[in-house]
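Heads up: the structure comes next, in structure tokens.
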Amino acid sequence: MSFAGKVAIVTGSGSPRGIGREIARVLAEKGCSVAVADMNLEGVQANADELKKDFGCDSMAVSVNITDEDSVKAMFDAVFAKYGKIDILCNNAGITQPVTIDEMTKDDFMKIMNANLVGTFLCSKLVVPYMVKGSYGRIVNTSSVSAKCGGGVYGGAHYCAAKAGIIGFTRAQAMELCKAYKDMITVNAVCPGLIATDIRATLSDEKEKESRAKQAMGRAGTAREVANTIAWLASDEASYVSGEDININGATYFG
């Protein structure tokens, strides 16, 4: 699998560890030019520099607020100005909050919806004209197993709703783009289960034990395993796959 000559944007990729950073690394390792995008400019610059050092990747750092339309448009303009194309968009940015419905406020609900679902909508909508210009596009959205099983140890009902919305939006956009452009642009989603990232370190011992008890494989997945699946969906090999939501949870949940 090669991404030589391709240009990708990975949102939510500014942390020193995590799925976003690993997506960027997998794509760069396979020859892709990568725009590392996040609100944390210091983090994206560090990760972009790391890609150049480790893979000789032509990378760039972009500060973006995915919930702000002007900020998202400015990100796409900057990447297009540098590379003249945008082939791949990985909508990985998002946040979570472990809170029950009875404790949840409207502000809590809207914050989670905006950062996960609205951000995915804005990025997915605004990137299309750039992909049409290049006659090629792959959009891969990060949903969650919580969208299907009704929650888990990390996120509340608002997180589940936002991630379920991403699946519905993915299917609808996939159908619309196929009708408009045939196989030019595909849209898919991944639904990770328990993945060993920094957020897991915030779990109490009780919650850690609870999450492990549910894992059929007896372990958490790795960010690399998620990134490898996303890379395949972003590749030429997945040209006839669109509107899908792929589980990455080690046979723990089917649906």
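All of these numbers come straight from a predicted model, not from anything done at the bench.
- Of the inter-residue distances, the one linking Y83 atom OH with S33 atom OG reads 5.0 Å to the nearest 0.5 angstrom.
- Note: the hydrophobic cluster containing I139 also contains V64 (ILVMFWY, side chain heavy atoms under 4.5 Å, direct or indirect links).
- Contact between S13 and D38 at its shortest, heavy atoms only, is N-OD2, 3.3 Å.
- When each of S235, C90, S239 is paired with R138, the side-chain contact (heavy atoms from CB on, under 4.5 Å) condition holds for S239 and for no other.
- At distances below 3.5 Å, at least one donor-acceptor pair connects side-chain atoms of T222 with backbone N or O atoms of E225.
- Scanning both residues, A231 and F3, for their nearest heavy atoms gives O-CZ, 3.1 Å.
- Under 4.0 Å is where a charged nitrogen must lie from a carboxylate oxygen, and between K52 and D58 no such pair does.
- Looking at V187 and L177, their side chains come closer than 4.5 Å, going by heavy atoms from C-beta outward.
- Hydrophobic clustering, with ILVMFWY side chains joined whenever heavy atoms are under 4.5 angstrom apart, groups V10 together with L233.
- Between K82 and V79 there is no side-chain heavy-atom pair separated by less than 4.5 Å.
- Residues in residues 67-79 take part in these side chain to side chain donor-acceptor pair (under 3.5 Å) pairs, two or more places apart or across chains: N65-T67, K73-D77, K73-Y130, D77-Y130.
- Under the 4.5 Å side-chain heavy-atom criterion for ILVMFWY residues, a single connected hydrophobic cluster contains both M184 and F80.
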Next item on the list: Please assess I112 against I95 for the test side-chain contact (heavy atoms from CB on, under 4.5 Å), listing each intermediate value before the final yes or no.
Entry: CA-CA 6 Å; I112 295 299; I95 59 173; 3.8 Å; yes
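- Note that the CZ atom of R21 and the CZ atom of R224 stand 10.5 Å from one another [nearest 0.5 Å].
- In this structure, the separation between CD on E29 and CZ on F55 is 5.0 Å, given to the nearest 0.5 Å.
- A donor atom on one side chain and an acceptor atom on the other are not found under 3.5 Å apart for Y136 and D183.
- For the residue pair N141 / T170, a side-chain donor-acceptor distance below 3.5 Å is found, with atom types taken as modelled.
- Heavy atoms from other residues, nucleotides or ligands lying under 6.0 Å from CE of M104 number more than 12.
- Taking 4.5 Å as the limit, some side-chain heavy atom of K148 sits within range of a side-chain heavy atom of N247.
- Checked by atom type, the side-chain pair S124/N91 shows a donor-acceptor distance below 3.5 Å.
- Residues V140 and F76 fall into different hydrophobic clusters, defined by Ile, Leu, Val, Met, Phe, Trp and Tyr side chains chained together at heavy-atom separations under 4.5 Å.
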Next item on the list: Go through K163 and I167 one step at a time and tell me if the side-chain contact (heavy atoms from CB on, under 4.5 Å) criterion holds.
Entry: CA-CA 7 Å; K163 291 301 189 180; I167 293 175; over 6 Å; no
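- Using a 4.5 Å cut-off on side-chain heavy atoms (C-beta onward), W232 and M1 make contact.
- Heavy-atom minimum distance, T229 versus V190: CG2-CG1, 4.2 Å.
- Counting heavy atoms from C-beta outward, H158 and V99 have side chains that approach closer than 4.5 Å.
- Atom-to-atom distance recorded for S144:OG and L194:CG is 10.0 Å, nearest 0.5 angstrom.
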Check: So I88 and I9, side-chain contact (heavy atoms from CB on, under 4.5 Å) or not? Walk me through it.
Finding: CA-CA 6 Å; I88 299 163; I9 299 174; over 6 Å; no
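- At least one side-chain heavy atom of C123 sits less than 4.5 Å from a side-chain heavy atom of L89.
- Inter-residue side-chain proximity for I195 and V226 is flagged as met; some heavy-atom pair is nearer than 4.5 Å.
- Listed by chain and residue number, E50, D54 satisfy the salt bridge (charged side-chain N to carboxylate O under 4.0 Å, His left out) test with R25 (two or more places apart in sequence, or in another chain).
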Check: What's the verdict on side-chain contact (heavy atoms from CB on, under 4.5 Å) for V34 and M60, showing C-alpha distance, side-chain angles and the deciding distance?
Finding: CA-CA 7 Å; V34 181; M60 67 180 292; over 6 Å; no
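- Closest approach of I66 to L122, counting heavy atoms only: O-CD1, 3.4 Å.
- A heavy-atom distance below 4.5 Å is found between the side chains of V128 and I185.
- Checked for salt-bridge contact, D87 and K85 meet the test: a charged N lies under 4.0 Å from a carboxylate O.
- Summarising the geometry, atom OG1 belonging to T11 is positioned 5.5 Å from atom CG belonging to N92; distances are rounded to the nearest 0.5 Å.
- Looking at T252, its side chain does come within 3.5 Å of a backbone N or O of A216 through a donor-acceptor pair.
- Linking ILVMFWY residues whenever their side-chain heavy atoms come closer than 4.5 Å, directly or via other members, leaves M113 and F121 in distinct clusters.
- With respect to K30 and E237, no salt bridge is recorded, no charged nitrogen being found less than 4.0 Å from a carboxylate O.
- Panel note: side chain N249, backbone Y253; a donor-acceptor pair is recorded below 3.5 Å.
- Atom CG of N188 and atom OG of S242 lie 5.0 Å apart (nearest 0.5 Å).
- Nearest heavy atom pair, residue V26 against residue A227, reads CG2-CB, 3.7 Å.
- Considering all non-hydrogen atoms of both residues, S59 and A48 come closest at OG-O, 2.8 Å.
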